[in-house]
Chemist: 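Shown below is the structure under consideration.
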Amino acid sequence: MTKINGQTRIVGVIGDPVQHSRSPQMHNAAILERKLDYVYVPFHVRSGELQEAIEGFKALNVLGVNVTIPHKQTVMSILDDVSHEATLIGAANTLIFCDGRVSGDNTDAQGFLRAMTEEGIDIPVGGSAVVLGAGGAARAVVVALALSGLDLITIANRTEWKAIQFEKDLATISETEISAVDLASNQLNLAIRSADLLVNTTSVGMQETDQLLIDPDFLNPGTIVYEIVYTPPETPLLRVAREKGCQTIGGIGMLVHQGAIAFEKWIGIVPNVETMRIALKQALYQKKL
Ligand code: ATR
């Protein structure tokens with residue numbers, strides 16, 4: 001634990017609930033390793049008290065906070081400045097307080113991409129991706145891929161109108177074609193068969209007994225399968241993909257990198273991502289690594 005003194009600066013995370021967040025372990029491990037005079041604290045902020053909390057952070061000279069459920073979207077209307085990516089994603093996961101102002105950023109899209117390149121996997125520029133889900137995480141993934149120069153992104157969601165809304169909202173952010181299809185359609189099967197990348201952004205896979213959202217017969221060994229879910233470390237989708245010979249990526253990397261980018265924005269120092277990853281895995285999987 002950091003030795004708190006008169007100069008210790010505060011960063012943290014706001015959410016409701018927030019007790020489940022493993023960000024404090026991840027960030028404090030990196031702070032401790034670099035012997036920095038900072039501490040990362042969880043703040044339980046209820047929906048009706050978001051505005052007061054933001055004002056309070058300004059008054060208390062807090063340096064920055066991460067934002068988690070349910071505030072990522074609603075916080076946008078309270079911000080003084082919003083980054084381009086946060087605007088496109090429609091959500092902020094990182095706030096920075098400076099000179100009485102609060103600016104919002106979103107590090108999920110960059111975190112998603114960095115986790116891929118760290119594994120030595122090229123972003124399929126000029127290729128195609130299938131994204132399962134159309135919630136907050138999906139939006140960060142689609143923005144990341146659309147800004148990376150993919151030709152086609154196919155979005156499939158249980159509630160189809162949300163995927164269609166994505167298609168409308170994100171159609172003009174780049175040259176990438178964005179197409180919404182039904183989760184149970186043959187169009188999805190065909191898109192998966194020719195995809196360079198398949199990303200699951202839904203919560204399906206968190207339970208060992210969860211059924212696959214896709215028909216694995218259409219999955220090619222050449223398709224990279226990226227799972228946003230990080231508990232369990234190997235979901236049923238990742239297992240099937242591995243058995244098919246696909247390159248796979250789990251959700252831990254994105255979680256670590258979105259945190260590392262936020263850390264860098266607040267503190268101006270690149271944290272040791274391995275330290276963050278080990279602390280996160282210990283916290284999530286409750287075992288010494
Ligand atoms: P997050 O911010 O993590 O993306 P979210 O915005 O609540 O969370 O989105 C959850 C996503 O998982 C949605 O795309 C949701 O589909 P719906 O829009 O139809 O609700 C998807 N999802 C959750 N449970 C699902 C299930 N059992 N089958 C298929 N999709 C599911």
Side-chain angles (χ1 to χ4, degrees), residues 13-18 20-23 47 50 66-76 85-94 104-113 115 129-146 153-170 178-185 187-189 191-192 198-216 218 225-232 235-238 240 249-259 262 280 284:
V13 54
I14 58 171
D16 181 19
V18 79
H20 68 283
S21 173
R22 304 295 182 238
S23 292
S47 287
L50 184 58
N66 284 133
V67 185
T68 187
I69 289 169
H71 305 309
K72 279 184 168 191
Q73 281 95 12
T74 46
V75 78
M76 294 288 281
E85 285 200 2
T87 304
L88 293 179
I89 296 166
N93 76 338
T94 302
D105 206 339
N106 196 312
T107 65
D108 283 336
Q110 288 306 318
F112 171 83
L113 296 174
V130 171
V131 176
L132 305 174
R139 210 164 162 111
V141 168
V142 173
V143 166
L145 294 174
I153 303 173
T154 303
I155 303 166
N157 194 48
R158 177 179 59 182
T159 312
E160 202 188 354
W161 68 262
K162 291 190 196 168
I164 294 170
Q165 190 63 47
F166 264 46
E167 191 182 283
K168 285 194 186 130
D169 291 350
L170 302 175
I178 295 179
S179 161
V181 299
D182 196 302
L183 196 52
S185 68
Q187 277 171 298
L188 175 61
N189 293 336
I192 290 172
L198 169 69
V199 190
N200 176 42
T201 72
T202 74
S203 47
V204 177
M206 292 183 81
Q207 311 299 328
E208 287 290 334
T209 51
D210 279 347
Q211 300 290 312
L212 290 179
L213 287 179
I214 63 152
D215 181 343
F218 291 89
V225 177
Y226 196 149
E227 175 71 88
I228 298 300
V229 168
Y230 48 84
T231 48
T235 62
L237 175 63
L238 285 181
V240 164
I249 316 180
I252 282 280
M254 178 175 173
L255 195 57
V256 168
H257 283 285
Q258 63 75 32
L280 190 61
L284 284 170

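In each ligand, atom 1 is the first atom listed, and ligand 1 is the first ligand listed.
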Chemist: Within ligand 1, which atoms have a heavy atom of Ser203 less than 4.0 Å away?
Modeler: 12 (O), 23 (C), 24 (N)

Chemist: Identify, for atom 6 (O) of ligand 1, the protein heavy atom at the shortest distance, and state residue, atom and that distance.
Modeler: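 Result for atom 6 (O) of ligand 1: Gly136 N, 3.1 Å.
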
Chemist: Answer yes or no for atom 10 (C) of ligand 1: protein heavy atom present at a distance under 4.0 Å?
Modeler: no

Chemist: Looking only at atom types and distance, does a side-chain atom of Asn93 sit under 3.5 Å from a main-chain N or O of Thr107, one as donor and one as acceptor?
Modeler: yes

Chemist: Going from CE on Met254 to CD1 on Ile228, what distance comes out if it is rounded to the nearest 0.5 angstrom?
Modeler: 4.5 Å

Chemist: Between Asn157, Thr201, Thr202, which one has a non-hydrogen atom sitting closest to atom 12 (O) of ligand 1?
Modeler: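 Minimum heavy-atom distance to atom 12 (O) of ligand 1 goes to Thr202.
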
Chemist: Name the option, out of Ala134, Gly135, Ala163, that contains the heavy atom nearest to atom 5 (P) of ligand 1.
Modeler: Gly135

Chemist: Say whether, by atom type as modelled, one donor and one acceptor occur between the side chain of Arg22 and the main chain of Leu280 under 3.5 angstrom.
Modeler: no

Chemist: Less than 4.5 Å apart, side chain to side chain, heavy atoms only: is that true for Thr235 and Met206?
Modeler: no

Chemist: Considering non-hydrogen atoms of the protein only, which is the closest contact for atom 27 (N) of ligand 1, and what is the distance?
Modeler: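 Checked against all protein heavy atoms, atom 27 (N) of ligand 1 sits closest to Arg158 NH1, 3.4 Å.
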
Chemist: Taking side chain as C-beta onward, heavy atoms only, is Phe112 less than 4.5 Å from Val199?
Modeler: yes

Chemist: Quick one: does Val131's side chain get under 4.5 Å of Leu145's, heavy atoms only?
Modeler: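 A side-chain contact under 4.5 Å exists here.
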
Chemist: Look at atom 3 (O) of ligand 1 and say which protein heavy atom is nearest, naming residue and atom and giving the distance to 0.1 Å.
Modeler: Ala137 CB, 4.1 Å

Chemist: Check each atom of ligand 1 against the heavy atoms of Lys162 and keep those under 4.0 Å away; list them by number with element.
Modeler: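 With Lys162 as reference, the close atoms of ligand 1 come out as 17 (P), 18 (O), 20 (O).
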
Chemist: For ligand 1, which atoms sit closer than 4.0 Å to a heavy atom of Gly133?
Modeler: 14 (O)

Chemist: Quick test of your reading of the structure: of Ile155, Val204, Asn200, Val131, whose heavy atom lies closest to atom 28 (N) of ligand 1?
Modeler: Val204

Chemist: Which one holds for Leu213 and ligand 1: side chain close, backbone close, both close, or neither close, with close meaning a heavy atom under 4.0 Å?
Modeler: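 It is the side chain that gets close, since no backbone atom is under 4.0 Å.
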
Chemist: Should Leu183 be counted as touching ligand 1, given the test is an N or O pair under 3.5 Å?
Modeler: no

Chemist: What's the spacing between Ile164 CD1 and Ile178 CD1 if we round to 0.5 Å?
Modeler: 13.5 Å

Chemist: Where is the tightest heavy-atom contact between Val142 and Ile153, given as atom of each residue plus distance?
Modeler: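 Shortest heavy-atom separation between Val142 and Ile153 comes out as O-CD1, 3.8 Å.
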
Chemist: Output the list of atoms in ligand 1 that are nearer than 4.0 Å to some heavy atom of Thr159, sorted by atom number.
Modeler: 17 (P), 18 (O), 19 (O), 20 (O)

Chemist: Has the side chain of Asn66 got a donor or acceptor atom that lies under 3.5 Å from a matching backbone atom of Val13?
Modeler: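 Answer holds: no.
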
